[in-house]
Structure formats: C-alpha cells, structure tokens
Amino acid sequence: MLVKLLNANLLNLANTLFKHYFPDINTGTDKIGDYIKNFDKLRKPLSKKQRSEIPGKYRYIGATSVNDHIDKYNFDGIYLLLGEDGTVQDEYGFPILQYTFGKFWPNNHAHVLQGKNVSTEWLYLYFSQRNISGIVTGAVQKKVSQKNMNSLKFKLPDSQELKKFDKIIQPLFSKIRSTKLENYHLEELKRVLLTKLF
C-alpha cells in the first residue's frame with residue numbers, strides 16, 4: 001500500500017512537471033505515431049488453460065493489470081502499455097496506461113510501446129494528459145487502433161527542451177522502478193511461502 005502511494009505521488013509530480021514544461025503540447029501538426037516504437041507484432045496471447053500449465057514468476061499483463069504469473073517471458077526492458085480493446089479509457093476519457101519494466105509477457109489487449117526520439121517516460125506522460133475519447137471506436141467492445149493512436153496531433157518540443165525535461169524526470173521514474181521491484185520481490189516471496197504452506 002505504501003509503495004502504491006509513494007509511486008502515485010511520484011507520478012503526480014512527473015505529470016505536474018510535464019504540464020508545466022509543455023502547456024501547449026496538444027496543439028500543433030506533429031503526429032505522435034512518428035515518435036512511437038510499436039511492438040504489437042511480438043505479442044502472443046495465452047489462454048487461461050495454457051497459463052495454468054506454466055505457472056511461474058513472470059507477469060502476464062493484460063490491458064489494465066497483471067492477469068497471471070507464468071514461467072516464460074517475451075519482453076525485457078522498459079515499456080508503455082496502452083489499452084487496445086476492452087477497457088481502454090477511464091471515466092474522464094484518458095487512456096489506460098501501464099508503465100512496466102523487467103521481464104514480462106503482454107497479452108493482445110494492450111499496445112506495447114516505447115518512445116522513438118523521445119523517452120518512454122516522456123511518452124507515458126504525454127498519454128497521461130491526453131484525452132483519447134475522439135479516437136476510441138466500437139459501441140460494445142471499445143478499441144484504440146494503432147492507426148487512430150498514431151494519428152493524434154501534438155506539438156513536438158525542441159530537442160534541448162526534451163533533454164532538459166528528461167534529466168528532471170528520469171530520477172523520479174528510477175525511484176518508481178526501484179520501489180516496484182522491491183514490491184515484486186516481496187510478492188514473489190509471499191507466493192513461494194504460501195505454496196509451501198499449502
């Protein structure tokens with residue numbers, strides 16, 4: 001609980017800084033898709049039955065959260081997950097995002113992204129403040145397609161502004177990763193101990 005509160009405060013600070021540094025970010029003619037590395041082709045969904053046959057320590061991540069733990073991973077590094085279908089936006093129209101790192105296996109309900117010529121952290125903060133209601137399709141099953149996501153217009157800051165901002169936010173995200181990592185280790189220890197007890 002304390003870890004979640006600490007990380008929520010760090011993210012709030014990063015978001016406040018982003019809005020201060022880039023108040024006019026949602027104006028302009030640049031397309032965000034030109035600054036995204038997309039790894040959706042590497043996603044491989046696993047059924048519940050398949051996952052039950054390979055229990056392990058690696059996170060199997062869906063559109064909104066960790067769905068399971070398995071003994072395999074197909075991604076390792078820092079990524080931004082953005083909900084693609086199902087639950088894709090919150091009640092205010094902002095996208096469902098997960099800042100994730102380390103070894104994990106994403107399913108096919110979340111876009112798997114990194115920044116291109118911008119940091120993945122900058123990309124995360126960009127989407128955190130961007131209402132996406134206008135690009136969500138589907139009456140029953142909500143969806144954010146790659147095409148619609150990539151088409152979002154914004155005003156690209158100059159490279160010096162980006163570098164200056166990155167120097168400020170990277171320590172915040174480093175702290176977020178370290179506290180999350182500590183929490184993962186504690187959760188894994190708890191899982192192992194409970195398995196031995198029962």
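Distance CG/Leu6 to NZ/Lys4: 13.5 Å, rounded to 0.5 Å. Between atom OG of residue Ser65 and atom CG of residue Asn67 there is a gap of 5.0 Å, rounded to the nearest 0.5 Å. Within the model, atoms CD1 of Ile168 and CG of Leu13 stand 10.0 Å from one another, a figure rounded to the nearest 0.5 Å. Here the straight-line distance linking atom OG1 of Thr87 with atom CD of Gln141 works out to 8.5 Å at 0.5 Å rounding. Asn107 contributes atom CG, which lies 9.0 Å from atom CG of Leu46 (distance to the nearest 0.5 angstrom). Between the CD atom in Gln170 and the CD1 atom in Ile176 there is a gap of 10.0 Å [rounded to 0.5 Å].
Each salt bridge (charged side-chain N to carboxylate O under 4.0 Å, His left out) pair with one or both residues in residues 93-113, not counting sequence neighbours, appears once here: Asp76-Lys103. Evaluation of the salt bridge (charged side-chain N to carboxylate O under 4.0 Å, His left out) test over residues 82-91, restricted to residues two or more places apart or in two chains, returns Arg43-Glu84, Glu84-Lys143.
Glu53 is linked by a side chain to side chain donor-acceptor pair (under 3.5 Å) to Lys49, counting only residues two or more places apart in sequence or in another chain. For Gln50, the side chain to side chain donor-acceptor pair (under 3.5 Å) partners are Ser47, not counting sequence neighbours.
Note on Phe39 and Trp105: separate hydrophobic clusters, where clusters join Ile, Leu, Val, Met, Phe, Trp and Tyr whose side-chain heavy atoms are under 4.5 Å apart, directly or indirectly. Ile96 and Ile36 are not part of a single hydrophobic cluster, where members link through side-chain heavy atoms under 4.5 Å apart. Leu80 and Phe94 are assigned to two separate hydrophobic clusters, defined by single-linkage of ILVMFWY side chains at heavy-atom distances under 4.5 Å. Note on Tyr79 and Ile169: separate hydrophobic clusters, where clusters join Ile, Leu, Val, Met, Phe, Trp and Tyr whose side-chain heavy atoms are under 4.5 Å apart, directly or indirectly. Residues Phe101 and Val66 are members of separate hydrophobic clusters, defined by side-chain heavy-atom contacts under 4.5 angstrom among Ile, Leu, Val, Met, Phe, Trp and Tyr.
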If you look only at distance, which donor and acceptor atoms sit under 3.5 Å apart when one is on a side chain in residues 110-118 and the other is two or more places apart or in another chain?
{"from": "His111", "atom 1": "ND1", "to": "Asp40", "atom 2": "OD2", "distance (Å)": "2.6"}
{"from": "His111", "atom 1": "NE2", "to": "Val144", "atom 2": "O", "distance (Å)": "2.6"}
{"from": "Gln114", "atom 1": "NE2", "to": "Ile78", "atom 2": "O", "distance (Å)": "2.8"}

Taking distance alone, no hydrogens or angles, what donor-acceptor pairs closer than 3.5 Å link side-chain atoms of residues 22-29 to residues at least two apart or in another chain?
{"from": "Asn26", "atom 1": "OD1", "to": "Gln129", "atom 2": "NE2", "distance (Å)": "3.4"}
{"from": "Asn26", "atom 1": "OD1", "to": "Arg130", "atom 2": "NH1", "distance (Å)": "3.3"}
{"from": "Asn26", "atom 1": "ND2", "to": "Gln129", "atom 2": "OE1", "distance (Å)": "2.9"}
{"from": "Thr27", "atom 1": "OG1", "to": "Asp24", "atom 2": "O", "distance (Å)": "2.6"}

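The two atoms that bring Ala139 and Lys142 nearest to each other are O-NZ, 4.0 Å, heavy atoms only. Between Asn108 and Pro45, the closest heavy-atom pair is OD1-CB, 3.4 Å. Taking each heavy atom of Phe165 and Ala14 in turn, the nearest pair found is CZ-O, 4.3 Å. Residues Tyr58 and Lys72 approach most closely at CB-O, 3.4 Å, considering heavy atoms. Between Val88 and Ile132, the shortest heavy-atom distance links the atoms O-CD1, 3.7 Å. Closest heavy-atom contact between Lys180 and Asn7: CG-ND2, 3.4 Å.
Side-chain contact between Phe18 and Ser128 is absent, with no heavy atoms from C-beta onward closer than 4.5 Å. Between Arg51 and Lys48 the shortest side-chain heavy-atom distance falls below 4.5 Å. Side-chain contact between Lys163 and Gln160 is present, with heavy atoms from C-beta onward closer than 4.5 Å.
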Show, in sequence, the C-alpha distance, side-chain angles and deciding distance for Thr137 and Ser145, and conclude whether the side-chain contact (heavy atoms from CB on, under 4.5 Å) test is met. CA-CA 8 Å; Thr137 58; Ser145 70; 5.7 Å; no

Test log, rule side-chain contact (heavy atoms from CB on, under 4.5 Å), inputs Thr120 and Phe173: CA-CA 10 Å; Thr120 300; Phe173 279 92; over 6 Å; no

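Leu81 pairs in a side chain to side chain contact (heavy atoms under 4.5 Å, CB included) with only one of the listed residues (Tyr124, Phe104, Tyr99), which is Phe104.
Under a 3.5 Å cut-off, the side chain of Asp68 and the backbone N or O of Tyr60 do not form any donor-acceptor pair.
Two rings, from Tyr35 and Tyr126, have their centers 6.0 Å or more apart.
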